[in-house]
Amino acid sequence: MAEKGSRARAMAGGTDILVQLRGGRFKIDRLVDIKGVPEMNQLSCSTAEGLTLGAAVPCYRIYEDQTIQKMYPGLVDAAFIIGGIQIQGRASVGGNLCNASPSGDTIPALIALGAICVIEGPKGRRTLPVEDFCVAPGKNAMEDGELLVALQFPPPAPRSGAHYLRFIPRNEMDIAVAGSGVSVVLDEDRQHIKSARISLAAVGPTPIFAREAGDLLAGKEANEESFEAAAEAAKAAARPITDMRGTIKQRVHLSGVLTKRALRKAVARAKEA
Amino acid sequence: MSEKIHVRTQINGSDVDFLCENRQSLLEVLRDVLDMTGTKEGCNDGNCGACTVIVDGTLIDSCLMLGVEAQGKSITTIEGVASPDGLHPIQQAFLENAALQCGICTPGFIVAAKALLEREPDADEGRIRHWLAGNLCRCTGYDKIVRAVLDAGQTMRGN
């Protein structure tokens, strides 16, 4: 890949890149199937180490894994709604991230969960928080010759919960008009929020990390009033465009509604955790 | 680019060798190289599910897999669904429920339904509709298809 530079691309499930190549979106000389690399197919999950998710692991392996269902339901939410069953049989979370679409469903979930990209390249290995990975529509922070190897998730904090949800006009098989991924950690009393992270899909040129919206929840009681305040901050962080999927007004509104709903569910999960 | 690659795979239980170009999809290989035209091309970009096949137990769109990736895999296509004794219960149920009109989407639906019912023979209507969301039909309105899969599930459970 280093030899071909920008004329080489990695392929995991191929559900985006084969369509893009056929559509002539870009031209390459080399397509490298990375599914044979053991590290990229790795899926290891433990309460001590957290989750290491190889970049080529398809969605179905994530949502069918009972340990991940228990520890990272917010990630399962996203992996379970990408495309249909056929797409989930091939499409990887790593590929969804590298594709860097503003509407990529897994990306807000990754950001909310504090996932870190492990990137390998000619100059060695480096790490990058997911919120810094997408730099423009379809563009990520990797240089030519670099490759996303895995995503690393910290072990879930005690009394934590996460949720991702999106708005689509159909029931399945659609691209988000807007999406919101949140994670919360509750205080020992399980009534107050210790910390929160909120991230939005499809309301900006990249997935948005709404840091202020999450930060303002710290120390607040986990109730509707707090959720409303965070939803308003999420709306302020949204910078959508009007296109065939939705208008600016609708998407800003959705950012608030989805954030509020995601917070309700994440807090409910945290109370049970 | 036009140099052909030798691939050895298993399709519907038989060993198969073929030559394909590195950019050909599994769908193109099935239809154009192996003359297995039961698998249909609809959208060719992963939306419609007409080209659905099972690869090593996983349901996929064959338009989104390269032919060269079939090396060492085990593939089930619509041609492998019926047995020498007769139609598969899902195929029979599609006939009895008139669950097809133009028929282009049918092989994909049947292969997808087979993958579901083999792992969850008691799948309910909600589960069936969710599972088949990656298969589009522009004729039937889906209701007869869902009823056919429910009926087939009942048959396969031995009721």
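Because the structure is predicted, anything quoted here is derived from the model rather than measured. Below, chains carry the letters A, B, ... as their sequence lines are ordered, and counting in each starts from 1.
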Query - Name of the residue among B:Thr58, B:Asp61, B:Val111 meeting side chain to side chain contact (heavy atoms under 4.5 Å, CB included) with A:Gln86 - result: B:Asp61
**Report entry** Top of A:Val19, A:Leu31, A:Asn171 for chain B proximity - count of heavy-atom pairs under 4.5 angstrom
**Finding:** A:Val19
Query raised in the report: If you count heavy-atom pairs under 4.5 Å between each of B:Thr52, B:Val55, B:Leu132, B:Val53 and chain A, which one has the most?
Result: B:Thr52
**Report entry** Exercise: identify the closest heavy-atom pair between B:Leu64 and A:Leu18
**Finding:** O-CD1, 3.3 Å
Query - Neighbour count >12 (heavy atoms, 6.0 Å) for atom CZ, A:Arg261 - result: no
Requested in this report: Pick one of side chain, backbone, both or neither for A:Glu64, based on which atoms fall under 4.5 Å of a heavy atom in chain B.
Outcome: side chain
Report summary line: If you tally heavy-atom pairs under 4.5 Å between each of A:Arg170, A:Arg90, A:Glu172 and chain B, the highest tally belongs to A:Arg90
Requested in this report: Write down the atom of B:Ser25, the atom of A:Arg22, and the distance for their closest heavy-atom approach.
Outcome: CB-NH2, 3.7 Å
Requested in this report: Verify the neighbour count for atom NE2 of A:His253: are there more than 12 heavy atoms of other residues, nucleotides or ligands below 6.0 Å?
Outcome: no
Query raised in the report: Which value, rounded to the nearest 0.5 Å, describes the distance between A:Thr15 atom OG1 and B:Met65 atom CE?
Result: 13.5 Å
Report summary line: CG (B:Asn47) and CD1 (A:Ile87) are apart, to the nearest 0.5 Å, by 7.5 Å
**Report entry** Enclosure of B:Lys144 NZ (heavy-atom neighbours >12, cutoff 6.0 Å)
**Finding:** no
**Report entry** chain A contact via B:Ala115 - which portion, at a heavy-atom distance below 4.5 Å
**Finding:** neither
Query raised in the report: Which residue pairs pass the side-chain hydrogen bond (donor to acceptor under 3.5 Å, both in side chains) test with at least one member in residues 4-14 of chain A, sequence neighbours excluded?
Result: A:Arg7-A:Asp29
Query - Heavy-atom contact with chain A under 4.5 Å, split by part of B:Leu136 - result: side chain
Show me, pair by pair, the donor-acceptor contacts under 3.5 angstrom made by side chains of residues 103-110 of chain A, not counting sequence neighbours?
unit_1, atom_1, unit_2, atom_2, d
A:Ser103, OG, A:Ser101, OG, 3.0
A:Asp105, OD1, A:Tyr164, OH, 2.6
A:Asp105, OD2, A:Arg166, NH1, 2.7
A:Thr106, OG1, A:Asn96, OD1, 2.6

Query raised in the report: So, are A:Lys35 and B:Glu69 salt-bridged, with charged N and O less than 4.0 Å apart?
Result: yes
Query raised in the report: Atom CG of B:Leu59 and atom CD of A:Gln88: how far apart are they, to the nearest 0.5 Å?
Result: 10.0 Å
